[in-house]
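A short worksheet on the structure shown next.
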There are 4 protein chains.
Amino acid sequence: MTIRRIACQKEHVMTHKINFMNDYNTVAHPEIVEAIKSAIDEKHEGYGLDERSETARKMIREMTECPQADVQFLPTGTLANLTSIASFLRPHEAVIAQAAAHINIHETGAIEAVGHKILTIETHSGKLCPADIPPIIAQQVDEHMVKPKMLYISQTTEKGTVYTTEELSELRKLCDEEGLVLYIDGARLSYALVSDAAVPDLKTIAKLCDAFYIGGAKCGILFGEALVVTNPKLQDDLRYLIKQRGGLVGKGFLMGIQFEALLRDRLDLKMAGHANELARKLTSGLAGKGVSFDIETESNQVFPIVTHKKDKELEEKVIYEKWRDLDEKDCVIRFCTSWATTDQEVDELLKMF
Amino acid sequence: MTIRRIACQKEHVMTHKINFMNDYNTVAHPEIVEAIKSAIDEKHEGYGLDERSETARKMIREMTECPQADVQFLPTGTLANLTSIASFLRPHEAVIAQAAAHINIHETGAIEAVGHKILTIETHSGKLCPADIPPIIAQQVDEHMVKPKMLYISQTTEKGTVYTTEELSELRKLCDEEGLVLYIDGARLSYALVSDAAVPDLKTIAKLCDAFYIGGAKCGILFGEALVVTNPKLQDDLRYLIKQRGGLVGKGFLMGIQFEALLRDRLDLKMAGHANELARKLTSGLAGKGVSFDIETESNQVFPIVTHKKDKELEEKVIYEKWRDLDEKDCVIRFCTSWATTDQEVDELLKMF
Amino acid sequence: MTIRRIACQKEHVMTHKINFMNDYNTVAHPEIVEAIKSAIDEKHEGYGLDERSETARKMIREMTECPQADVQFLPTGTLANLTSIASFLRPHEAVIAQAAAHINIHETGAIEAVGHKILTIETHSGKLCPADIPPIIAQQVDEHMVKPKMLYISQTTEKGTVYTTEELSELRKLCDEEGLVLYIDGARLSYALVSDAAVPDLKTIAKLCDAFYIGGAKCGILFGEALVVTNPKLQDDLRYLIKQRGGLVGKGFLMGIQFEALLRDRLDLKMAGHANELARKLTSGLAGKGVSFDIETESNQVFPIVTHKKDKELEEKVIYEKWRDLDEKDCVIRFCTSWATTDQEVDELLKMF
Amino acid sequence: MTIRRIACQKEHVMTHKINFMNDYNTVAHPEIVEAIKSAIDEKHEGYGLDERSETARKMIREMTECPQADVQFLPTGTLANLTSIASFLRPHEAVIAQAAAHINIHETGAIEAVGHKILTIETHSGKLCPADIPPIIAQQVDEHMVKPKMLYISQTTEKGTVYTTEELSELRKLCDEEGLVLYIDGARLSYALVSDAAVPDLKTIAKLCDAFYIGGAKCGILFGEALVVTNPKLQDDLRYLIKQRGGLVGKGFLMGIQFEALLRDRLDLKMAGHANELARKLTSGLAGKGVSFDIETESNQVFPIVTHKKDKELEEKVIYEKWRDLDEKDCVIRFCTSWATTDQEVDELLKMF
């Protein structure tokens with residue numbers, strides 16, 4: 001079964017309701033806005049060829065201990081995904097992904113629009129394990145089928161779960177054996193980095209995969225995702241591809257400024273840590289009231305199972321996402337926390353159960 | 001002959017040099033940054049389905065007197081162009097454009113990458129006139145050739161020139177006769193709106209074309225271009241196309257906030273007016289010193305002809321773009337003004353001649 | 001589970017083995033070759049704009065009682081499929097197909113390569129029924145997902161099964177309700193037309209779907225598939241799309257000549273009838289020897305379940321396709337008959353069981 | 001100026017008129033048809049993996065003295081071109097071609113439809129010389145422009161002219177210097193091979209370029225073009241690309257059979273030699289009557305300049321192609337000879353002048 005996203009389309013306005021809709025519903029953390037404001041008298045080269053972007057790039061290369069990394073800033077995650085895939089793969093090469101993968105479900109066929117097939121695997125956890133992959137590769141026997149060439153995973157996954165260092169290492173091993181590029185969609189990477197699980201840090205991520213991106217918009221900045229291509233064989237002419245697909249931002253320095261502010265003193269981890277902590281609090285509070293969950297909470301997304309009646313009731317007072325119907329009685333909903341979520345909001349929400 | 005852009009790649013850093021490089025070398029006008037800052041406590045629906053975007057959309061519909069317009073905000077001009085073309089045209093349909101058109105020269109084949117051929121026409125002015133078009137259409141005689149379906153023009157053009165209301169009306173008439181969609185790339189539309197020439201206002205633009213975009217990044221905001229599709233027949237499922245091509249920004253409300261601030265009290269025209277005025281001052285100053293120009297100055301771009309020796313000399317003290325070599329003696333350079341350019345900077349530059 | 005095709009790559013040469021590999025392993029029916037030979041002194045207009053193609057087109061329009069049909073001849077089925085989809089759908093629109101659909105499994109991502117996502121449904125029969133479709137449509141809730149726009153089915157299906165008139169009528173009804181184009185891949189349409197089931201005839205097919213193709217190469221001619229677009233709304237500029245995708249054959253008249261010979265006196269039905277009869281004989285012969293089948297035989301493809309040991313044994317004497325492994329003991333193999341298969345060959349094959 | 005092709009659309013029928021329309025207006029040379037007929041009892045592996053294709057491939061490898069060549073048969077020249085380009089180039093890489101190149105003018109944007117820009121150069125001869133290329137490369141200065149990666153030329157060119165060995169060697173040298181793939185569209189290669197000029201033979205062609213195709217349909221067979229990829233670096237997974245783009249023909253062995261018959265005893269050269277000889281005869285006959293030509297006759301295409309009045313007159317009795325209008329008085333027409341053109345037809349045509 002495929003995850004369904006049901007936009008609360010009536011909720012286009014600011015309301016007095018408490019908001020657990022997503023982690024990109026505010027402008028940005030004040031320090032980010034302040035960083036931009038303080039650069040107001042600077043003049044910069046365009047398209048990310050400026051000093052501020054270079055500083056941010058350098059920080060990322062140092063944090064990842066990957067001096068050879070090609071770091072580029074793009075305005076959206078979809079652009080990071082589609083540009084990487086268009087750049088790394090030849091036309092007949094395909095991507096393997098979990099069925100609920102953002103590229104498979106929530107990007108309006110962006111990957112197919114740049115010409116590539118996605119081969120999918122269903123799992124409950126939203127994660128893939130090494131044993132899932134060989135069967136799908138074995139099915140592609142000759143030139144009448146596409147040729148699997150990339151493994152796409154998300155950290156955190158679309159279900160808020162995280163890959164541990166061990167799990168990621170095993171996937172890396174499999175990719176080496178099968179000749180696959182390992183790409184990590186890190187739209188919510190910050191939340192994974194501070195998860196309670198034994199997760200890989202940035203350095204380990206950079207070491208284990210061929211390319212990944214560090215999400216910005218879902219992790220507290222205005223806009224911008226940092227694509228990090230660690231494998232030198234995949235770096236050729238990357239900026240050409242970014243420009244061709246519309247991702248080369250004239251004022252690229254704005255993303256440099258933001259990432260500098262986000263990563264210096266690890267504001268990213270502070271924000272994500274706050275969000276995860278409130279998600280944990282919300283989870284244990286709900287559990288204490290007998291609520292069960294579709295999936296265990298491992299980061300800033302919480303997936304309670306509620307009755308349709310309860311869902312209707314909550315809708316009156318809370319903004320959140322309905323995830324999917326389970327049956328005639330129950331459905332799964334999603335509460336998402338962020339740097340801007342407050343303790344009081346969680347308390348208020350818990351009182352409704 | 002095709003216009004050449006030679007990036008001053010050594011100038012990636014902020015320097016004490018005066019900067020006439022382009023109109024997107026600063027963060028943004030302070031009022032824009034302030035508008036963003038003042039929204040820091042708001043929470044919004046994602047992807048442009050928010051109240052602030054709706055307000056900006058409404059302002060644009062009113063200013064253009066086009067209540068049926070579909071207004072969408074995209075992060076880059078290239079995305080506005082490629083998404084529109086991918087949305088409006090069938091695979092065998094082609095775009096007619098002036099040879100120096102941004103989509104033809106400076107978007108790394110973005111239009112071809114979404115599958116469409118560009119048929120080009122050379123002119124010195126950067127503009128097209130109705131008589132230019134029929135011959136190229138006449139050459140496409142049957143199904144072995146592409147079928148021209150869109151006329152793409154830029155206002156201002158890539159050479160800083162502007163279409164007058166009369167010229168645009170004539171192109172509209174031709175498009176009606178030939179069954180062409182008329183699309184205007186308005187990356188620098190503000191500068192055209194306050195040009196000295198008898199130019200079309202926003203209302204007239206909206207009336208005469210099928211779709212256009214109001215440039216943001218080159219006209220004083222942080223990021224964001226407002227795509228305005230006035231022809232209802234071209235509006236179907238536009239947001240699907242935007243998402244598919246990576247242009248649907250999670251925090252779309254940021255573009256709504258900025259366009260609201262840009263258009264309320266017409267800050268856009270004030271900024272562009274300032275830039276054009278300084279460009280005029282620079283032009284007449286240079287002319288007074290005997291400098292000649294590749295093309296007449298009609299907006300915020302000035303194209304003096306200088307010797308290669310002079311070019312070398314200027315490079316030491318000014319940041320600008322070398323445009324193209326004319327011959328062994330001379331070359332064309334470009335000075336670009338913006339809201340942030342000062343009178344003193346123009347004086348200083350003039351002193352170097 | 002996805003159907004696996006395992007090419008018997010060692011069998012590239014003609015051998016004394018009996019051949020049940022497929023229905024396109026011979027040059028063509030002698031009458032077809034004769035028709036070509038007898039035209040050797042004719043001179044024709046290129047690209048299908050000739051008298052012979054026009055005659056074949058007219059015959060098809062009459063047989064389908066569809067005077068408005070646009071009939072075009074293409075060199076391969078993959079080209080018929082990808083050209084139709086590229087022509088009928090906008091970029092964000094998707095195709096719904098059974099998981100084993102030729103376009104999904106056996107065309108190397110041809111549909112994705114022209115930009116479209118395929119949404120798949122697993123069934124054992126290889127067929128889809130109306131109840132299968134709404135759930136997958138319901139999952140595509142907004143502009144973050146693709147928009148289903150075409151239902152692709154095959155007659156006969158990739159498993160040799162056939163849609164009855166009633167089943168096809170129900171799918172048509174569903175397509176009307178859901179706004180879907182109904183497209184039928186008729187690579188093996190002839191075999192369906194003479195199936196024992198209550199199948200739709202050509203007229204009914206033309207009436208119920210928006211477009212389909214009449215397979216040539218798998219039904220006894222040298223090369224060529226007749227694409228029939230019955231829905232006038234989908235006919236615009238079809239030949240442009242065919243040319244663009246490489247399917248406009250210089251000597252198009254060769255396909256006209258062959259289809260004329262194929263359809264006059266319904267040689268197609270005679271050949272397919274012969275093939276189906278031998279497939280029935282083979283099936284009942286095998287059943288009599290206790291062999292069971294993966295799927296019931298409804299046309300010219302027979303899918304017996306045999307042990308891996310038996311498979312090894314057969315390989316020495318017969319050329320056929322291994323379909324998929326069932327478990328450690330058994331596998332499914334495929335025997336395919338054609339106009340060229342003889343009664344003796346079937347007898348010989350049966351003796352091996 | 002761009003070459004215009006004006007299809008004689010009224011001439012869809014066989015007539016008593018003499019036919020100088022093109023070189024693909026007959027079924028095929030009788031020996032080719034006979035070769036197909038004589039294989040009628042054979043059974044073959046599909047998709048070109050058969051013994052007959054292998055024999056033809058081997059012949060081509062031997063004739064070209066290129067044992068490492070990857071030889072694949074495709075049904076149309078457009079498929080050979082678009083598949084090669086899609087296979088050899090990354091998305092941002094562009095093709096350089098003469099403006100009248102088949103891929104630029106007569107393939108309905110096929111190359112753009114697979115995502116690549118064509119950079120064009122105008123010449124009167126239809127040929128390119130090394131000096132033409134560097135300026136267009138010099139214009140592509142950075143990642144905002146496409147990256148030239150392939151030089152596409154045609155032998156014979158679209159104007160019937162031919163590259164000499166020396167000219168081709170110089171282009172090869174330039175391609176080495178500039179890092180370009182050299183691709184030759186050989187739709188009419190046979191006619192070039194027997195031209196009077198000091199042209200490269202097959203061996204030299206194979207040695208000098210990275211890939212080319214040997215035209216079939218325009219050189220006397222039914223259908224099929226032999227793509228020869230001589231550069232091993234460009235051979236990876238070529239058959240995947242061919243399948244994906246619809247060019248993998250089920251009965252691929254038919255092309256093997258035809259190329260075997262075409263190349264054994266060099267029937268190709270005999271046919272082309274006959275056509276060229278009649279073209280020469282026609283040319284000198286016309287010249288003797290005071291007719292001048294748009295371009296010198298070097299192969300089987302003759303381009304006389306006639307008055308519009310003469311054109312009208314000829315149309316009544318001859319089928320040929322109108323090429324382009326020169327001015328109010330004159331136009332260029334094209335007479336094309338083939339293996340099937342007779343001495344009498346040339347005499348008859350000459351009598352009309």
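All values below come from the heavy atoms of this structure, side chains included, with hydrogens, waters and symmetry mates left out. Letters A, B, ... mirror the listed sequences (proteins, then strands); counts begin at 1. As the structure is a prediction and not an experimental result, all values here were calculated from the model.
Here Phe20(A) pairs with Phe335(A) under the ring-ring contact (aromatic ring centres under 6.0 Å, His included) rule; sequence neighbours left out. Ser154(C) pairs by the side chain to side chain contact (heavy atoms under 4.5 Å, CB included) definition with Tyr152(C), Glu158(C), Asp185(C), not counting sequence neighbours. Under the rule for a side chain to side chain donor-acceptor pair (under 3.5 Å), Thr83(C) has no partner lying at least two apart in sequence or in another chain.
Closest of all the heavy-atom pairs between Ala131(A) and Pro135(A) is O-CD, 3.4 Å. Looking at every heavy atom in both residues, Tyr191(C) comes nearest to Cys219(C) through CE1-SG, 3.8 Å.
Chain A is approached within less than 4.5 Å, heavy atom to heavy atom, by Thr108(C), Gly109(C), Glu112(C), Ala113(C), Gly115(C), His116(C), Lys117(C), Ile118(C) from residues 108-120 of chain C, ordered by number.
The pair Arg334(A)-Asp294(A) does not count as a salt bridge, with every side-chain nitrogen at least 4.0 angstrom from each carboxylate oxygen.
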